[in-house]
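Just the heavy atoms: all of them, side chains too, but no hydrogens, waters or symmetry mates, feed the values below.
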Amino acid sequence: MTSIYQILEELNIENGSNYKTKVLLKHKDNKTLTRVLKMAYDNVKYVFGVGKTSLDKVEYSWVKESKITIEEALDILEFEFCSRKVTGNAAINRLTEMFSLLDSDDVYVISRVIERDLRINLGKTHINKCIKNLITKPAYMRCGVYSSKTVKDISFPAYCQLKADGTYREFTVNDGVVTSRSRSGESYDYPLIFDQMKDLQNGIYVGELVLRGEKGRAKGNGLINSDNPPHEDIIVQFWDFITVDEYHLSKEKDRKNPCTIQYSRRFERLNYLLSTHVGKNIQVIESIVVNNIEEALKFTSDVMNDGFEGSILKDFKGVFKDGTSKHQLKLKLEINVEMRCVGFHDGTRGTKREGKIGSIIFENDDRTVRGKCSGFTDKELDYYSENKEKFIGKIMEVQCNDISKSSVNDFYALSHPRFIEWRDDKDETDGIDKIFEIRNSSMCLSK
């Protein structure tokens with residue numbers, strides 16, 4: 001019979017996904033293999049309480065007289081380590097004893113399971129496609145979309161929190177062992193953050209990673225997810241704390257609203273637990289209490305003008321669930337106004353827009369609002385560049401997040417303006433009074 005070690009070796013003969021799929025499908029009825037895959041990569045169901053640091057402390061010599069099978073070793077991990085019957089030094093001693101009774105190939109496999117990496121270059125999604133629903137995905141609570149209808153599900157006062165423009169992560173603390181995973185369940189190591197969290201209460205801490213001093217999502221996330229992340233400057237901004245029991249209850253689809261701890265209690269608990277840990281790499285997300293939707297949209301406008309994506313409105317009474325919650329809504333102020341094209345800026349040298357237009361210059365007819373915007377496709381870029389004279393003087397629809405006026409200018413500017421479309425059916429722009437009317441209307445959608 002082919003051993004698990006041999007199957008892992010077979011999976012690494014070629015690196016193409018089609019090849020790996022064929023190998024997995026060939027061995028999908030091997031119950032030991034499916035168990036090894038699940039225990040290695042399902043860190044929702046299996047938390048061992050040991051990792052690479054513990055493995056580095058294991059020193060053993062093989063005992064020839066007595067052997068255990070890999071299935072028995074997996075039983076020990078599941079029923080002794082996952083249940084927390086052995087922890088700390090007792091866990092290291094148990095690993096030493098177990099490894100001394102295993103074949104060397106099985107020691108390798110069990111070590112890879114403990115480190116949550118079988119080194120077969122296969123993601124959890126790929127494994128689940130071959131062996132359906134083998135690996136449990138983490139619970140993830142999505143936000144609803146703000147509208148005049150959905151906001152009626154929010155009771156006030158409520159929290160309004162900065163929408164962190166980074167990379168989602170949840171951190172699990174289990175008796176001093178800290179692990180981290182993405183929304184899809186992939187595991188990641190953040191040694192500085194792990195060290196700062198190891199003494200926290202057991203549970204799941206939910207937040208987002210951002211890069212210190214970097215507001216640009218693409219650049220910050222690119223560095224965080226790189227092969228050599230700048231750990232000193234990676235900050236986690238937490239917004240939720242979920243007990244282990246509640247987290248697992250949320251995955252039970254046959255029970256309606258199994259969780260009971262309201263968000264106000266969870267957020268208060270999070271602030272209390274992190275009160276002595278907030279520092280260089282750990283923060284609680286910026287949050288205020290708002291009494292109505294107007295206050296929430298004002299906060300949203302302020303953070304968007306600071307360069308952030310928007311905010312999240314959260315009902316005090318919302319409970320944790322796996323799926324979209326009607327008790328937390330994404331807020332993003334959007335205003336559509338009519339402007340007139342008065343010219344074009346040239347594209348930046350050294351980019352694909354060199355020699356073409358870079359942006360459209362616009363203003364309204366009383367010149368109280370001026371600016372420039374982009375947002376068109378490459379095909380549109382080519383056409384506008386070749387036919388600029390056709391668009392000078394035309395009315396265009398521009399979307400923005402707010403309107404503001406600098407003390408050094410005698411005109412208003414649109415915040416984050418984006419080109420939407422040309423309006424051949426319009427021959428007048430919006431005046432400043434009309435724009436403020438549109439803005440105020442957008443901020444009072446619940447009325």
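Applying the salt bridge (charged side-chain N to carboxylate O under 4.0 Å, His left out) rule to D302 yields the partners K298; only residues at least two apart in sequence or on another chain are considered. Every residue meeting the salt bridge (charged side-chain N to carboxylate O under 4.0 Å, His left out) condition with E78, not counting sequence neighbours, appears here in chain and number order: R35. With sequence neighbours excluded, the residues satisfying side-chain contact (heavy atoms from CB on, under 4.5 Å) with D365 are R340, T429. Every residue two or more places apart in sequence or in another chain that forms a side chain to side chain donor-acceptor pair (under 3.5 Å) with Q399 is listed here: N336, R418. Among residues two or more places apart in sequence or in another chain, the side-chain contact (heavy atoms from CB on, under 4.5 Å) test is passed with T53 by K57. R367 pairs by the side chain to side chain donor-acceptor pair (under 3.5 Å) definition with E363, not counting sequence neighbours. Not counting sequence neighbours, D346 has no partner by the salt bridge (charged side-chain N to carboxylate O under 4.0 Å, His left out) test. Not a single salt bridge (charged side-chain N to carboxylate O under 4.0 Å, His left out) links K85 to another residue, sequence neighbours left out.
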With a cut-off of 3.5 Å and sequence neighbours excluded, list every side-chain donor-acceptor pair involving residues 388-395.
{"residue": "K394", "atom": "NZ", "partner": "D424", "partner atom": "OD1", "Å": "2.7"}

Donor-acceptor pairs are to be reported for all side-chain atoms of residues 372-381 against protein atoms at under 3.5 Å, with residues two or more places apart or in another chain.
{"residue": "S374", "atom": "OG", "partner": "R353", "partner atom": "NH1", "Å": "2.9"}
{"residue": "S374", "atom": "OG", "partner": "R353", "partner atom": "NH2", "Å": "3.3"}
{"residue": "T377", "atom": "OG1", "partner": "E380", "partner atom": "N", "Å": "3.1"}
{"residue": "T377", "atom": "OG1", "partner": "E380", "partner atom": "OE1", "Å": "3.4"}
{"residue": "D378", "atom": "OD1", "partner": "K352", "partner atom": "NZ", "Å": "3.1"}
{"residue": "D378", "atom": "OD2", "partner": "K352", "partner atom": "NZ", "Å": "3.3"}
{"residue": "E380", "atom": "OE1", "partner": "T377", "partner atom": "N", "Å": "2.9"}

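Legend: salt bridge (charged side-chain N to carboxylate O under 4.0 Å, His left out) pairs involving residues 223-244, not counting sequence neighbours, sorted by first then second residue: R212-D233, E232-K280, D240-R266. Every pair tested for salt bridge (charged side-chain N to carboxylate O under 4.0 Å, His left out) that includes a residue from residues 125-145 fails, sequence neighbours excluded, so the list is empty.
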